[in-house]
*Asks:* 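Have a look at this one.
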Amino acid sequence: MAASVAYVGGQLQYGMNFYWGQGYRQALWVPGVTINGCLQRELSWSRGVSKFLQIHRCNFSHYPVRENWKSFRTVTTSAYLKDGSTKYFDFAVIGSGVAGLRYALEVAKHGTVAVITKAEPHESNTNYAQGGVSAVLCPSDSVESHMQDTIVAGAYLCDEETVKVVCTEGPDRIRELIAMGASFDHGEDGNLHLAREGGHSHHRIVHAADMTGREIERALLEAVINDPNIVVFKHHFAIDLLTSQYGSDTVCHGVDALNTETQEVVRFVSKVTLLASGGAGHIYPSTTNPPVATGDGMAMAHRAQAVISNMEFVQFHPTALADEGLPIKPKKTRENAFLVTEAVRGDGGILFNLSMERFMPFYDERAELAPRDVVARSIDDQLKKRNEKYVLLDISHKPREKILSHFPNIAAECLQHGLDITQQPIPVVPAAHYMCGGVRAGLQGETNVHGLYVAGEVACTGLHGANRLASNSLLEALVFARRAVQPSIDHMKSSSLDLSASNLWTQPVVPKSLGSDVMHKILRTTKEVRKELQSVMWKYVGIVRSTTRLQEAEQKIGELEAKWETYLFEHGWQQTMVALDACEMRNLFCCAKLVVSSALARHESRGLHYMIDFPHLEESKRLPTVIFPSSHMMSTWSSRQLHQQPMY
């Protein structure tokens, strides 16, 4: 097994070649894997992945072959229901952030769309994105410069072709948002005001004060609500993808969801499914992600035999608001940490320790404008050396009017807790922020599961490499949501929906039969286990890691998961039972294990993955970490689907 590539399951066959951008080089000679029955000699983001996913395009859109499959082009809303619990759509979109909504608006021109969202439609990572969207919109800037900044920040693990595509298409995606009604800040000259953030060599961040994500979400949601072909299902928690095996190929037919308001299971059968469910920040105790970010999409895709990549690269935002440093403490613990945008440092904010000593120049010549991984590690080092809980970010030396106009949301939040950022430094601490890894995607958002596309944080496209450049996340979501549209339409048009398909999979069950007392015990235990898992991840799989500590984490997580599952099943829980807290816990365990196994496989320090016992970059290990689907029945509840896959 190669040190920098994690192989989990699969049939070992022979070595592989990796392609990176324009250059080619032989990878470490590692065992190959049969992916869906197709031996691959190439595995890269833009070339190998797209190529092997297209191999099956000749015939997969027509199976499973069933005589009673009917064409299902257009239906009225009332026709979505079948027996009250099954809904049929051309497209199912899981997630209501920028990626899901942008995709839904395009595919709705060609068919019916269900947008399935876990809470309220606006409750997504997009809505919490303060900084902005990076794009080349200034004459002095260039696509090549944006590419170079992205690749440097990504520690040269980015795929060059993906980077080129995103940086080239980005400006058009911004113009589309503006045409749809998104309002961004303009300068005195009437042009878009472009900010600069850490890792960027130019001013290229389009923003709406410090609430950019909220403005983009507003514009997209407004358009979605007014589209007659789109139905939004709020408070629907996606449980598992509906998949079947056609020979050695996995095919996606939709998703089961739990209506968390009525406690009913709803089955969505669709021709095409887009996963745009966001990240997994809540595998850690402190995260800037909203409560919905429990890794549901990554876990579902893994259980559905999708290829997963680069999960060791967890980005910790260097500057989340440190509540214990505020003059007036919040009355209750936040569900998610309050983000202090990168743009504060981009606008001249300076980091100090509690002795008011500026420390970033000692760690990196770019000081406060160094990439996030460098800044987060530097703060972490200061906190450990000085045994302190937070550092200070000072922007008070800038004009008051400028601070308040650029960062009104941050100023208001701090003022609520007795701190005036125009006069006092802001207490900040790193918090889990963004998953650079996820479900491996080709250049059109395609995965190795037929009919399943991915976009946004749940995807791993190769853009971010080992570390995401500031404000590249919304950009990636916009670009890949748009690129997934045409292949999705093609797939939809060549597919049919089986109106009896709902009977092919076992129906998940809400555990009413267990009684309220038992359920109360299960939920209480699950909440305790969740905190334990988060504590293990922060203590052993945080900003700075070591092989010994990762191995301890692996053991502790395995024991914790086994203990939790034993408790569940001893109290009458069954394989097909579903409840929000239990299913989230299942997904958190799955994602935590993916992060740990990926981290253990990378014997070097690169980007966000810093290992004390392997402190240097190794050119020979400049390869993605890949977790292939296992052909064996996995032992834990978190690692297997609730239903048996139909076989054809």
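Note that the numbering runs from 1 along the sequence shown for the chain. Keep in mind that the numbers below use all heavy atoms, side chains included, and drop hydrogens, waters and symmetry copies. Predicted model, so just to flag it, every value in this text is computed and none were measured.
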*Asks:* If we only count heavy atoms from C-beta on, is the Met300 to Val255 side-chain gap below 4.5 Å?
*Replies:* yes
*Asks:* Who are the side chain to side chain donor-acceptor pair (under 3.5 Å) partners of Trp564, not counting sequence neighbours?
*Replies:*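 Result, side chain to side chain donor-acceptor pair (under 3.5 Å) vs Trp564: Thr526.
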*Asks:* So does Asp90 get a backbone contact from the side chain of Thr112, meaning a donor-acceptor N/O pair under 3.5 Å?
*Replies:*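 Yes.
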*Asks:* Distance check, rounded to the nearest 0.5 Å: Cys591 atom SG versus Met537 atom CE?
*Replies:*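 So the gap between those two atoms works out to 9.0 Å.
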*Asks:* Considering all heavy atoms of both residues, which atom of Ala320 and which atom of Ala337 are nearest to each other, and what is their separation?
*Replies:* CB-CB, 3.9 Å
*Asks:* When you measure from the side chain of Trp637 to the backbone N and O of Glu565, does any donor-acceptor pair fall under 3.5 Å?
*Replies:*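 Checking the backbone N and O of Glu565 against the side chain of Trp637, no donor-acceptor pair under 3.5 Å is found.
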*Asks:* Okay, side chain of Gln263, backbone of Val510: is any donor-acceptor separation there less than 3.5 Å?
*Replies:*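 The answer is no, because no donor-acceptor pair under 3.5 Å joins these two groups.
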*Asks:* At what distance, to the nearest 0.5 angstrom, does CD of Glu584 lie from NZ of Lys527?
*Replies:* 10.5 Å
*Asks:* If you count every heavy atom of other residues, nucleotides or ligands that lies below 6.0 Å from Lys329 atom NZ, does the total exceed 12?
*Replies:* yes
*Asks:* Using modelled atom types only, decide if a donor and an acceptor are shared between the side chain of Asn467 and the backbone of Leu608 within a distance under 3.5 Å.
*Replies:*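 Pair absent, no side-chain N/O of Asn467 close to backbone of Leu608.
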*Asks:* Judged by modelled atom types alone, do Thr625 and Glu312 share a side-chain donor-acceptor pair under 3.5 Å?
*Replies:*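 Their side chains do contain a donor-acceptor pair, which is all the 3.5 Å distance test asks for.
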*Asks:* Side chain to side chain donor-acceptor pair (under 3.5 Å) with Asn259: which residues, sequence neighbours excluded?
*Replies:*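 Thr262.
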*Asks:* So, taking the atom named SG in Cys252 and the one named NZ in Lys271, what distance separates them when rounded to the nearest 0.5 Å?
*Replies:* 14.5 Å
*Asks:* Starting from the C-alpha separation in whole Å, work towards a yes-or-no answer on side chain to side chain contact (heavy atoms under 4.5 Å, CB included) for Val454 and Leu274.
*Replies:* CA-CA 5 Å; Val454 289; Leu274 176 82; 5.6 Å; no
*Asks:* Apply side chain to side chain contact (heavy atoms under 4.5 Å, CB included) to the pair Met585 and Leu533, showing each step before the final yes or no.
*Replies:* CA-CA 9 Å; Met585 190 70 249; Leu533 174 67; 3.6 Å; yes
*Asks:* Give me the atom names and distance for the closest heavy-atom approach of Asn310 to Cys460.
*Replies:* CB-SG, 3.9 Å
*Asks:* If we ignore hydrogens and angles and just use 3.5 Å, is the side chain of Ser597 paired with the main-chain N or O of Leu594 as donor and acceptor?
*Replies:*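 Judged by distance alone, yes, a pair lies under 3.5 Å.
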*Asks:* Determine whether a donor-acceptor pair (N or O, by modelled atom type, separation under 3.5 Å) exists between the side chain of Lys118 and the backbone of Val292.
*Replies:* yes
*Asks:* Of all residues at least two apart in sequence or in a different chain, which pass the side-chain contact (heavy atoms from CB on, under 4.5 Å) check with Glu570?
*Replies:* Thr566
*Asks:* With a 4.5 Å cut-off on side-chain heavy atoms, are Val509 and Val578 touching?
*Replies:*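 A side-chain contact under 4.5 Å is absent here.
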*Asks:* Take Val272 and Tyr453 through the side chain to side chain contact (heavy atoms under 4.5 Å, CB included) test and state the conclusion after the steps.
*Replies:* CA-CA 8 Å; Val272 177; Tyr453 295 81; 3.7 Å; yes
*Asks:* Is there a side chain to side chain contact (heavy atoms under 4.5 Å, CB included) between Thr506 and Leu642 once you walk through the steps?
*Replies:* CA-CA 8 Å; Thr506 307; Leu642 298 184; over 6 Å; no
*Asks:* Taking atom types as modelled, find out whether Gln245 and Thr250 have a side-chain donor-acceptor pair closer than 3.5 angstrom.
*Replies:* yes
*Asks:* Under the rule for side-chain contact (heavy atoms from CB on, under 4.5 Å), what residues qualify as partners of Thr287, not counting sequence neighbours?
*Replies:*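 With neighbours one apart ignored, the set is His282, Asn289, Ala432.
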*Asks:* Flag the pair Ile627 / Ser598 as yes when at least one side-chain heavy-atom distance between them is below 4.5 Å, and no otherwise.
*Replies:* yes
*Asks:* Tell me every residue that passes side-chain contact (heavy atoms from CB on, under 4.5 Å) with Lys521, counting only those two or more places apart in sequence or in another chain.
*Replies:* Arg524, Tyr567
*Asks:* For the atom pair NE2 (His464) and SG (Cys436), what is the distance rounded to the nearest 0.5 Å?
*Replies:* 6.0 Å
*Asks:* I want to check something: taking the side chain as every heavy atom from C-beta on, are Phe589 and Arg530 in contact at a cut-off of under 4.5 Å?
*Replies:*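 No, their side chains stay 4.5 Å or more apart.
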*Asks:* Residues two or more places apart in sequence or in another chain: which of them pass salt bridge (Lys or Arg N to Asp or Glu O under 4.0 Å) with Arg267?
*Replies:*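 Arg267: salt bridge (Lys or Arg N to Asp or Glu O under 4.0 Å) contacts with Asp256.
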*Asks:* So, using side-chain contact (heavy atoms from CB on, under 4.5 Å) as the criterion, who are the partners of Ala257 when residues are at least two apart?
*Replies:* Ile116, His236, Phe268
*Asks:* Compare every heavy atom of Val458 with every heavy atom of Leu275, then report the nearest pair and how far apart it is.
*Replies:*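 Distance-wise, the nearest heavy atoms are O-CG1, 3.3 Å.
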*Asks:* Got Asn587 and Ser638 here, is their nearest side-chain heavy-atom distance under 4.5 Å?
*Replies:* no
*Asks:* Would you check, one step at a time, whether the test side chain to side chain donor-acceptor pair (under 3.5 Å) holds for Ser270 with His253?
*Replies:* CA-CA 5 Å; Ser270 60; His253 306 278; over 6 Å; no
*Asks:* Donor-acceptor pair, distance only, cut-off 3.5 Å: does the side chain of Glu446 make one with the backbone of Gln444?
*Replies:* yes
*Asks:* If we ignore hydrogens and angles and just use 3.5 Å, is the side chain of Asn229 paired with the main-chain N or O of Gly111 as donor and acceptor?
*Replies:*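 Between the backbone of Gly111 and the side chain of Asn229 there is a qualifying donor-acceptor contact (under 3.5 Å).
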*Asks:* May I have all residue pairs that pass side chain to side chain donor-acceptor pair (under 3.5 Å) and include part of residues 546-556, sequence neighbours excluded?
*Replies:* Thr547-Asp613, Gln555-Glu559
*Asks:* A side-chain contact here means heavy atoms from C-beta on lying under 4.5 Å apart; do Phe237 and Asp296 qualify?
*Replies:* yes
*Asks:* Flag the pair Tyr103 / Val93 as yes when at least one side-chain heavy-atom distance between them is below 4.5 Å, and no otherwise.
*Replies:* yes
*Asks:* Rounded to the nearest 0.5 Å, how far apart are CG of Leu588 and CG of Asp581?
*Replies:*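 Between atom CG of Leu588 and atom CG of Asp581 there are 10.5 Å.
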*Asks:* What is the minimum heavy-atom distance between Ile230 and Val224, and which atoms define it?
*Replies:* CG2-CG1, 3.7 Å
*Asks:* Which of parallel (below 30°), tilted (30 to 60°) and perpendicular (above 60°) describes Phe313 and His609?
*Replies:* perpendicular
*Asks:* Please determine, by modelled atom types, if Arg468 and Gln315 share a side-chain donor-acceptor pair under 3.5 angstrom.
*Replies:*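 Checked: Arg468/Gln315 side chains pair up, N/O donor to acceptor below 3.5 Å.
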*Asks:* What's the shortest heavy-atom distance between Ser513 and Met577, and which atoms?
*Replies:* OG-CE, 3.8 Å
*Asks:* Taking salt bridge (Lys or Arg N to Asp or Glu O under 4.0 Å) as the definition, give me every residue that meets it alongside Lys593, ordered by chain and number, with sequence neighbours left out.
*Replies:*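 In terms of salt bridge (Lys or Arg N to Asp or Glu O under 4.0 Å), with neighbours along the sequence ignored, Lys593 is linked to Glu561.
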*Asks:* Distance-only, no hydrogens or angles: does the Thr260 side chain make a donor-acceptor pair with backbone N or O of His235 under 3.5 Å?
*Replies:*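 Such a contact is found between Thr260 side chain and His235 backbone.
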*Asks:* Atom CD1 in Ile308, atom SG in Cys590: separation rounded to 0.5 Å?
*Replies:*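 It comes to 7.5 Å.
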*Asks:* Can you check whether Tyr246 and His450 have ring centres sitting under 6.0 Å from each other?
*Replies:*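 No.
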*Asks:* In chain order, what residues pass the ring-ring contact (aromatic ring centres under 6.0 Å, His included) check against Phe316, with sequence neighbours excluded?
*Replies:* Tyr284, Trp538
*Asks:* Of all residues at least two apart in sequence or in a different chain, which pass the ring-ring contact (aromatic ring centres under 6.0 Å, His included) check with His317?
*Replies:*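 His317 satisfies ring-ring contact (aromatic ring centres under 6.0 Å, His included) with His433 only.
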*Asks:* Under the salt bridge (Lys or Arg N to Asp or Glu O under 4.0 Å) rule, collect the residues that match up with Arg586, sequence neighbours excluded.
*Replies:* Asp240
*Asks:* For a quick test of reading the model, state the closest non-hydrogen atom pair linking Asn336 to Pro291 and the distance between them.
*Replies:* OD1-CD, 3.8 Å
*Asks:* Check the side chains of Gln305 and Thr243 for a donor-acceptor pair under 3.5 angstrom, ignoring hydrogens and angles.
*Replies:* no
*Asks:* Answer yes or no: is there a side-chain heavy-atom contact under 4.5 Å between Glu457 and Glu476?
*Replies:* no
